[in-house]
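What follows is a short report on a single structure.
Chain letters run A, B, ... following the sequence lines, proteins first, then strands; residues in each count from 1.
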Amino acid sequence: MIRHELHALTERVKAKQEHFKHRICVCCGASCISSGAEEVLHKLQEEIKSRGLEETVEVIPTGCMGPCNQGPLVKYLPEQTIYQKVDCDNIQRVVQSQLVENKPLEDLLLFADSREKAFVNANEDPFFKQQQKIALKDCGDINPESIEDYLIAGGYQALDKALFLLSPEEVIAEVKQSRIRGRGGAGYPTGLKWETVYKYVSDQKYVICNGDEGDPGAFMDRSVLEGNPHRVLESMAIAGYAIGATKGYAYIRGEYPLEIKRFELAIKQATKTGLLGKNILGSNFRFEVEVRIGAGAVVCGEETALIASIEGKRGTPRPRPPFPAESGLWGKPTLINNVETFAAIAPIILNGGEWYSETGTPKSAGTKVFALAGKINYSGLIEVPMGTTLREIVFDIGGGIQNGAEFKAAQTGGPSGGCIPAAHLDVKMDYESLMSLGSIMGSGGLIVMDKSSDMVDVARYFMEFSMDESCGKCIPCRVGTKMMHDLLQKIGDGKATQIDLDRLEELAEYVRDTSLCGLGASAPNPLLSTLRHFREEYVSKILPAE
Amino acid sequence: MNKIPVVINDTKLEVDPHKTILEVCREHDIEILTMCHLKGIIDIGACRLCLVEVEGVHKLMSACTTKVAPNMVVKTSTERIRRYQLITTELFFAERNHVCAVCVSNGKCELQQLGYKVGLDSIRYPFLYPQCDVDTSHAWYVMDHNRCIMCTRCVRVCNEVEGAHNWDVMNRGHQVRIISDFNTPWGESISCTSCGKCLHACPTGAIWPKAIVQGQLQKNPAMITELIARRKMKL
Ligand SMILES: Cc1cc2nc3c(=O)[nH]c(=O)nc-3n(C[C@H](O)[C@H](O)[C@H](O)COP(=O)(O)O)c2cc1C
Ligand code: SF4
Ligand code: FES
């Protein structure tokens with residue numbers, strides 16, 4: 001396919017869709033599927049057919065819509081009306097009311113059972129109102145298994161723009177201007193990384209998309225890849241063009257078969273359409289993408305371990321430097337970015353870096369996806385501008401604490417992060433502010449705890465996670481996490497003394513400073529931050545000196 | 001080759017570029033403790049004993065894997081580094097089952113010598129005493145996992161020098177173990193050539209020849225380095 005054919009194709013698929021007056025989206029995100037969304041989808045398709053509406057009403061599966069614990073969710077477009085807890089029994093009532101009688105079915109509207117008044121246009125609901133979707137835009141509105149849907153939503157226009165209107169240097173300049181920082185946890189400036197890889201001269205370079213996502217409770221990347229795989233694919237191709245790579249790998253967890261299936265399908269469709277492969281859009285640029293399936297080790301999300309894993313070796317980290325930008329996959333310069341980082345690239349190229357940088361805070365531009373979990377009323381997937389406060393996320397979007405209980409703390413960054421106590425509810429969610437409280441942004445897991453949480457046990461739980469996930473290569477992490485875990489257990493059991501607490505603190509500092517990779521270096525974070533904000537809970541469990 | 005200036009422990013030195021901090025320190029008789037390093041085989045930075053402070057870098061860097069750079073300022077023996085070396089040594093002893101008095105390696109053990117060097121007089125952490133096998137299935141050699149400190153020198157020597165790749169690592173975290181082939185008894189290995197290089201590479205009494213009694217083990221890790229150097233000369 002050459003360039004003008006992309007535009008023609010997009011117009012053609014648009015025209016083909018015009019006779020549909022309604023689009024019914026059935027959320028087929030992981031959570032909705034587990035509560036029966038696939039059955040709802042089939043039932044709904046039958047229902048539309050049996051009523052003879054299939055010429056004007058389209059029923060599609062989509063990726064995650066966000067309010068996961070209200071599922072299965074069904075959204076009507078263009079009305080933007082979302083129904084919750086839809087099942088095979090109440091489907092007919094919804095269709096009858098919404099499509100035949102042309103009025104919303106009040107009692108099944110999203111949050112109808114928990115808000116005084118539910119919203120017919122879901123975008124007016126506080127859950128969505130404070131959100132701003134860039135990475136997740138289109139997720140929940142389009143069929144992730146259809147390249148046509150993606151094209152209608154403006155898909156592959158950014159790649160087209162990059163290939164024909166921008167030089168690689170200009171693409172990198174846009175990414176730099178956007179000031180986006182890596183969403184995989186460390187927050188490294190993406191533009192700078194791209195420029196570094198671009199500058200290395202080599203016969204071969206690689207682009208890697210890191211979709212290993214192993215933090216407990218995190219499903220941001222999974223939702224992006226399941227909900228809009230073409231977006232990531234398009235952005236990887238743009239990255240390949242910018243840094244001079246012809247080959248990309250997407251590293252995805254084996255536990256997420258749907259993610260793998262959809263991404264592989266997207267690769268197939270894009271290749272068939274001529275948006276991947278040789279001579280993309282007649283531009284002479286060649287780019288291919290392959291999926292590599294991870295076996296579910298958290299440490300394989302660490303970039304050097306991930307690279308070893310792709311190479312077929314045991315997935316253990318190695319000391320840096322050299323960084324992958326200089327010597328990565330098979331010793332070649334390699335660009336590695338997170339799924340969510342890639343998800344923002346296509347819009348950045350299409351709308352310009354400046355557009356992206358206008359959202360967020362001066363040092364943390366753009367938006368961030370969070371996975372809300374724990375004792376919160378509305379858990380699920382959200383995307384907010386950087387700098388949104390924790391209070392806004394927990395109370396405005398998340399609807400506050402379950403059963404009206406008191407907020408105690410929120411854990412950001414999972415086992416590598418820390419907790420934020422109630423006194424800091426007004427902290428802005430950006431890299432620097434979270435760091436100053438002893439936590440980290442991490443990849444976007446956000447676990448809310450109420451008064452019933454025992455912070456020593458919270459620290460022990462996360463330490464157990466790091467202990468089990470340690471690759472075992474370096475001694476501080478291998479043995480240090482085990483020792484710290486056992487000491488936390490001892491404190492929890494009420495058998496520890498002040499000496500144990502002192503040892504624990506000494507070990508925490510030691511493991512943080514001496515571990516080979518980020519897993520060990522950040523494993524003490526939950527311990528250190530609970531000690532910082534809830535020391536009295538530790539002290540109250542310590543045996544008095546003899 | 002043009003030399004580059006570096007400062008190590010306040011001493012100005014002119015050194016070869018492309019060398020690691022460890023190589024440069026050894027050439028200049030600056031002590032750096034090591035355990036997973038064995039000259040000639042690929043360094044992995046696992047034991048963390050060689051950590052040094054590099055000015056302008058917020059992390060501690062492993063000297064064995066970090067190359068010198070022009071005007072690099074390195075400190076090898078600060079209070080913090082010595083404190084961490086002591087904890088590392090304690091953790092090595094606490095991790096498995098090191099009873100010097102009954103060990104073949106007594107008196108010649110690198111772990112034991114490390115203990116002396118860092119001034120270890122007691123271990124403040126509980127001994128983990130994990131369940132570890134003693135594999136006596138090989139006709140000539142014994143692998144006692146209780147004494148293994150996971151430096152993986154045997155793995156690398158077997159792979160890089162002998163080319164057999166009998167040894168590898170299985171499991172994660174504190175459950176890691178050295179395995180022969182795909183975790184079968186050493187005596188049944190189809191890749192082991194019985195060359196004995198692993199035995200010389202091992203810093204402790206984990207791998208040893210049968211018919212050796214307590215304290216009698218003779219190890220010669222320098223032989224491995226020598227062998228690698230000679231092979232390179234031929235090329
Ligand atoms: C233990 C560990 C696990 C990690 N897991 C992930 C992961 O699952 N996904 C990810 O994108 N980055 C992960 N990272 C960060 C990567 O090493 C790397 O920094 C990141 O993929 C770079 O992409 P970014 O710049 O877009 O964030 C992990 C790091 C560590 C130390
Ligand atoms: S810090 Fe932990 S995960 Fe990282 S290399 Fe060391 S043992 Fe492996
Ligand atoms: S000798 Fe450098 S980490 Fe072991």
task = Please tell me if the side chains of B:Val169 and A:Thr316 come closer than 4.5 Å, counting only heavy atoms from C-beta onward.
result = no

key: Residue pair A:Arg314 / B:Val176: nearest heavy atoms and the distance that separates them   = NH2-CG1, 3.7 Å

Criterion salt bridge (charged side-chain N to carboxylate O under 4.0 Å, His left out) on B:Lys59 and A:Asp513, from CA distance to verdict = CA-CA 7 Å; B:Lys59 288 192 304 185; A:Asp513 290 354; over 6 Å; no

ask   = Would one find more than 12 heavy atoms of other residues, nucleotides or ligands at under 6.0 Å from atom NZ of B:Lys108?
value = yes

inquiry  = Take a 6.0 Å sphere around CD of B:Glu55 and say whether it holds more than 12 heavy atoms from other residues, nucleotides or ligands.
reply    = no

A:Ile499 CD1: over 12 foreign heavy atoms closer than 6.0 Å = no

key: Selection from A:Ala521, A:Pro322, A:Ser466, A:Ser515 maximising heavy-atom pairs under 4.5 Å formed with chain B   = A:Ser515

task = Measure A:Asp486 against the heavy atoms of chain B and call it side chain, backbone, both or neither at under 4.5 Å.
result = side chain

remark   = On a heavy-atom basis, the closest approach of B:Gly45 and A:Pro319 is CA-CG, 4.1 Å

task = Please check if the side chain of A:Arg503 supplies one atom and the backbone of B:Arg124 the other of a donor-acceptor pair under 3.5 Å.
result = yes

query = Using non-hydrogen atoms only, which part of B:Ser62 is less than 4.5 Å away from chain A: side chain, backbone, both, or neither?
reply = side chain

inquiry  = Between B:Arg48 and A:Cys474, is the side-chain contact (heavy atoms from CB on, under 4.5 Å) condition met? List the steps.
reply    = CA-CA 7 Å; B:Arg48 317 309 282 163; A:Cys474 74; 4.0 Å; yes

ask   = Can you say whether B:Asn171 sits under 4.5 Å from chain A via the side chain, the backbone, both, or neither, judging by heavy atoms?
value = backbone

task = Flag yes if more than 12 heavy atoms outside B:Asn2 fall under 6.0 Å of its CG atom; otherwise flag no.
result = no

task = Using non-hydrogen atoms and a 4.5 Å limit, figure out which bit of A:Arg318 sits close to chain B: side chain, backbone, both or neither.
result = neither

request  = Please assess B:Arg83 against A:Glu509 for the test side-chain contact (heavy atoms from CB on, under 4.5 Å), listing each intermediate value before the final yes or no.
outcome  = CA-CA 11 Å; B:Arg83 187 156 42 89; A:Glu509 194 195 335; 4.1 Å; yes

note = The side-chain contact (heavy atoms from CB on, under 4.5 Å) partner of B:Glu95 among A:Arg478, A:Met483, A:Lys482 is A:Arg478

query = Contact part of B:Leu128 toward chain A, heavy-atom cut-off under 4.5 Å: side chain, backbone, both or neither?
reply = side chain

message = Is A:Asp468 close to chain B through its backbone or its side chain, or both, or neither, when contacts mean heavy atoms under 4.5 Å?
response = backbone

message = Distance check, rounded to the nearest 0.5 Å: A:Ile475 atom CD1 versus B:Leu49 atom CG?
response = 8.0 Å

query = How about A:Thr514 and B:Leu51: do any of their side-chain heavy atoms sit closer than 4.5 Å?
reply = yes

Heavy-atom pair count under 4.5 Å with chain B, highest-scoring of A:Thr481, A:Val479, A:Leu487 = A:Val479

ask   = Taking B:Met61, B:His58, B:Arg80 one by one, which has the highest count of heavy-atom pairs under 4.5 Å against chain A?
value = B:Arg80

ask   = What is the distance from atom OH of B:Tyr84 to atom CD of A:Glu506, rounded to the nearest 0.5 Å?
value = 8.5 Å

